[in-house]
Amino acid sequence: MSGVNPDQSKYPDSSSNFIEKMIDLDLESGVDDGKVQLRFPPEPNGFLHIGHAKAICLNFGLAQKYQGRCNLRFDDTNPSREEQRYVDSIQEDIRWLGFEWDELCFASDYFGQLYDWATQLIRQGDAYVCDLTGDEVKEYRGTLTEVGRNSPHRDRSVEENLDLFMRMKAGEFSDGEKTLRARINMESPHIIMRDPVMYRIQRSTHHRTGDDWCIYPTYDWAHGQEDAIEGVTHSLCSLEFNNNRPLYEWFLDKIGLESVPRQTEFARLNIEYTVLSKRKLRTLVEDGHVEDWDDPRLPTLAGLRRRGYPPEVIRAFMKNIGVAKFNSTIELAILENALRDHLNRTAIRRMAVLDPLKLVIENLSEGEGKMVEAVNNPEDPSAGTRSIPFEREVWVDRDDFRMEPPRKWRRLAPDAEVRLRYGYCVKVKEVIEDPESGQVQELRCVYDPETARGQTPDGRKVRGIIHWVPASCAVELPVRLYSPLFIEPDPDNPPEGKEFTDFLNPESLVETKALCEPILKEANPGERFQLERVGYFVADQKLSSSGSPHLARIVPLKDSWAKQEKRQAGV
RNA sequence: UACCCGGUGGUGUAAUUGGCAACACAACUGGUUUUGGUCCAGUCAUUCGAGGUUCGAGUCCUCGCCGGGUAGCCA
């Protein structure tokens, strides 16, 4: 495992989870000669999402912690749904997350070994070729409460099985005509043990082995053996595979390897206001609910990357939520907290106005502007400062003015005084409205020249501080405001008669423009910053070019005033 | 109804392996602050239920209750 710096985060190293305790015990008892070998085994049939990131951080993280090793293994046993482009994107995403595998492996590299082991099982009388169709297999299998019946082909001789299996491989039979099945027990209370299929005939070109094979191993027959070949000691997978564990162990036992991997299941990740299943993500992409697999509203790693999530945030998040065997759903707030925590420390501050309202400072003449100094990041003095022209006409946010201010309002209102951030205090003298619509058009103010650099010489308190941009040199930039993709916290489990797509948020993407301080024009694609009092933004990688950034909101700032106002209104 | 896995505050994880239920997030109070951001302080659970073992149980035992998973030639 090549080095990845420990994450800087305020989260304490979460106390050890049940998997680490298990490994500690294994190490104590000296199994596997003290080796810890893990693997992340994606099927290359889609893009990685934040749920996969949990497994990635777990496996690679364990390898780091125990100075073990972790492979990336593509579980490419079903060529009909797998593609090279997924192999590529998965590697890119893992590296982006900050991990590097010890070995790059493919299940398809083991097809020969798997075939040989299958013939071994046939010779041992532990596998047989079955002619039943898919529907018949299902019928013979029985149900949850009824036992199954033996296949009529279950007692073929070893010679006949060997011959048939060889001819399956040679392509003498059509797709689905025959299968190789493990000979276990059709009356087992574990349905998985009722003579599971090991090989099916499937003529589709494999992205790596081409047309070399027309029979492909099933997951159950392949996975434990892949682990064994790679010397995996701890094979971690999600909860639903718990049912498969007896079979995982049965195959390994029948092959007779001396040191075998052990499977341990953990709960996969669920997060509020999103979906985390490949099928549903595919639906969102293919039905055009989002732009593509890297749409910034998607929980795919490509989407999160474009959204502006630094990889450290995802790692800190995973460390924070822990690992257990209980199926749970993480509040979106936890993810957003990890995000804000990181961005607060690292993001450069800038000012921009999303809904502009002109503010004219009457006692400051046209050519009389002065430069004010603005701090780039109060959390990081080394980020330095910049100068902004403070001049007669500036833009402020319409949302920061109220004709009739509510209780505890600290912003602009008739006759109210506020400070323009980094600049001077201004007092509203006159509100100019459009005579027809009644809409506020302009605020006429006076400023107090004695109030530079946060000072108020007479000691008066000016509580309100608002952001602004100078009108003469403001730059208009396109902006995308993202919100959660769903309006329901649990779109995964829609009520009767509804589909998860019924809960899509129509305002998950709002396109608008912002008037920005001049320096923002130089933002490079991928650069992140905080628009003060508004939120964290990124110059979108795809939409921006040098000199013309396209801003996109990563996450809004916390807004305790909005919360309070809402509460006031509710009372 | 067969088999497997689970159940600790609003949420997610801890608990020196039988010894004062901790941390984070959220919520609510208050303080600091040139971002109603950040930061700081405080408040918020006797662990699904009932028995049992024990000086002592979230932890061990028994019986319930509740939740999840499994009947692909997907993984």
Side-chain angles (χ1 to χ4, degrees), chain A residues 10-12 14-17 21 41-43 45 75 77-78 80-81 130 132-134 137-138 141-148 175-181 188-194 196-202 215-216 218-220 222-223 237-246 265 267 272 278 319-331 333-338 340-341 344-345 349 351 374-375 378-379 408-411 419-423 425 451 453-456 462-467 530-536 556-565:
Chain A
K10 73 176 178 187
Y11 301 122
S14 52
S15 42
S16 73
N17 57 55
K21 289 192 184 97
E43 183 189 10
N45 71 343
D75 210 357
T77 57
N78 185 359
S80 65
R81 1 194 287 170
C130 181
L132 256 28
T133 65
V137 168
K138 186 184 163 101
R141 182 158 37 226
T143 67
L144 292 177
T145 50
E146 300 157 39
V147 298
D175 285 15
E177 193 181 331
K178 287 185 174 10
T179 55
L180 183 74
R181 298 175 68 182
S188 172
H190 288 96
I191 292 190
I192 192 81
M193 300 299 270
R194 318 239 259 235
V197 169
M198 296 167 64
Y199 275 98
R200 70 277 206 190
I201 303 173
Q202 187 181 109
I215 57 171
Y216 290 96
T218 57
Y219 167 86
D220 285 309
H223 206 89
C237 62
S238 49
L239 249 30
E240 65 269 29
F241 289 100
N242 173 265
N243 292 297
N244 302 50
R245 191 158 75 193
E265 309 86 18
E272 287 179 342
K278 274 186 191 172
K319 194 184 286 185
N320 195 220
I321 60 173
V323 189
K325 297 195 77 151
F326 179 69
N327 249 316
S328 60
T329 301
I330 307 294
E331 290 177 338
I334 308 268
L335 215 209
E336 293 191 338
N337 177 266
R340 292 194 185 101
D341 178 55
N344 176 52
R345 284 181 279 114
R349 313 290 135 119
M351 292 199 286
V375 172
E379 307 293 322
K408 298 202 173 172
W409 180 256
R410 306 219 291 246
R411 285 115 96 154
R419 175 177 295 281
L420 295 181
R421 178 91 163 138
Y422 302 124
C425 294
T451 55
R453 289 178 299 281
Q455 305 297 307
T456 43
V462 178
R463 295 299 300 279
I465 297 151
I466 65 170
H467 59 284
Q530 182 196 108
L531 294 185
E532 293 210 50
R533 303 210 313 130
V534 179
Y536 295 100
L557 242 32
K558 270 197 215 165
D559 189 347
S560 61
W561 164 251
K563 208 190 295 181
Q564 183 181 334
E565 191 180 26

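So you know, we letter chains A, B, ... as the sequences are listed, proteins then strands, and number each from 1.
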Distance test, side-chain N/O of [X] to OP1/OP2 of [N], below 4.0 Å:
X: A:Thr77; N: B:C74; value: no
X: A:Lys325; N: B:G7; value: no
X: A:Arg141; N: B:G72; value: yes
X: A:Thr329; N: B:G12; value: no
X: A:Lys408; N: B:G36; value: no
X: A:Lys558; N: B:U38; value: yes
X: A:Thr218; N: B:G72; value: no

Which whole-number value in Å describes the distance from [X] [atom1] to [N] [atom2]?
X: A:Phe326; N: B:C66; atom1: CZ; atom2: P; result: 16 Å
X: A:Ile334; N: B:A24; atom1: CD1; atom2: C1'; result: 7 Å
X: A:Met198; N: B:C74; atom1: CE; atom2: C1'; result: 17 Å
X: A:Ile466; N: B:G37; atom1: CD1; atom2: P; result: 16 Å
X: A:Met193; N: B:C3; atom1: CE; atom2: C1'; result: 12 Å
X: A:Leu531; N: B:G36; atom1: CG; atom2: P; result: 14 Å
X: A:Ile465; N: B:U32; atom1: CD1; atom2: C1'; result: 13 Å
X: A:Tyr216; N: B:C74; atom1: OH; atom2: C1'; result: 15 Å

Of the candidate nucleotides [options], which contains the atom at the shortest distance from the side chain of [X]?
X: A:Arg463; options: B:G36, B:G12, B:U33; result: B:U33
X: A:Thr143; options: B:G36, B:A71, B:A27; result: B:A71
X: A:Leu144; options: B:A2, B:G12, B:A24; result: B:A2
X: A:Arg421; options: B:G72, B:U34, B:C4; result: B:U34
X: A:Tyr422; options: B:U34, B:G37, B:C25; result: B:U34
X: A:Arg200; options: B:G36, B:G12, B:A75; result: B:A75
X: A:Asn344; options: B:G37, B:C28, B:A14; result: B:G37
X: A:Trp409; options: B:A71, B:G37, B:G36; result: B:G36
X: A:Glu379; options: B:U35, B:G37, B:C4; result: B:G37
X: A:Asn242; options: B:A24, B:C25, B:C5; result: B:C5

(message) If I take atom OG1 from residue A:Thr133 and atom CD from residue A:Glu177, how far apart are they, to the nearest 0.5 angstrom?
(response)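 Going from the OG1 atom of A:Thr133 to the CD atom of A:Glu177 covers 11.5 Å.
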
(message) Checking one value: the base orientation of B:G52, syn if chi is within 90 degrees of 0, otherwise anti.
(response)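 Anti, which is what one calls it when the glycosidic angle falls more than 90° from 0.
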
(request) For B:U13, decide between syn and anti, treating a glycosidic angle within 90° of 0 as syn. (result) anti

Does [X] reach a base, just sugar-phosphate, or nothing at all? Heavy atoms under 4.0 Å.
X: A:Pro378; result: base
X: A:Leu180; result: nothing
X: A:Lys21; result: base
X: A:Arg411; result: base
X: A:Asp559; result: sugar-phosphate
X: A:Glu272; result: nothing

(request) Look at the side chain of A:Arg194 and the backbone N and O of A:Arg141, then say whether any donor-acceptor pair between them is shorter than 3.5 Å. (result)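 At least one qualifying donor-acceptor pair exists.
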
(message) So does A:Leu557 get a backbone contact from the side chain of A:Arg340, meaning a donor-acceptor N/O pair under 3.5 Å?
(response) no

Is there a donor and acceptor pair closer than 3.5 Å between the side chain of [X] and the base of [N]?
X: A:Glu331; N: B:G10; result: yes
X: A:Glu265; N: B:G6; result: no
X: A:Gln530; N: B:U35; result: yes
X: A:Asn243; N: B:G69; result: yes

(request) Please examine the side chains of A:His467 and A:Leu531, heavy atoms only from C-beta on, and report whether any two atoms are closer than 4.5 Å. (result)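 Result no, sub-4.5 Å side-chain heavy-atom pair not found.
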
(request) Check A:Glu379, A:Arg349, A:Met351 against A:Gln530 for a side-chain contact (heavy atoms from CB on, under 4.5 Å) and give me the one that passes. (result) A:Arg349

(request) Determine the sole option in A:Val137, A:Thr179, A:Val197 for which the side-chain contact (heavy atoms from CB on, under 4.5 Å) test with A:Leu132 is passed. (result)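 With A:Leu132 as partner, A:Val137, A:Thr179, A:Val197 yield a single side-chain contact (heavy atoms from CB on, under 4.5 Å), made by A:Val137.
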
(request) Determine, for A:Lys563 against A:Asp559, whether the closest basic-nitrogen to carboxylate-oxygen distance falls under 4.0 angstrom. (result)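 Salt bridge: no.
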
(request) Would you please classify the geometry between the A:Tyr219 ring and the A:Phe241 ring as parallel, tilted or perpendicular, with 30° and 60° separating the classes? (result)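 Tilted.
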
(message) Judged by each residue's nearest nucleotide on RNA chain B, which is more toward the 5′ side, A:Gln455 or A:Tyr219?
(response)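 The residue closer to the strand's 5' end, by nearest nucleotide, is A:Gln455.
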
(message) Judged by each residue's nearest nucleotide on RNA chain B, which is more toward the 5′ side, A:Pro196 or A:Pro189?
(response)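 Here A:Pro189 is the residue nearer the 5' end.
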
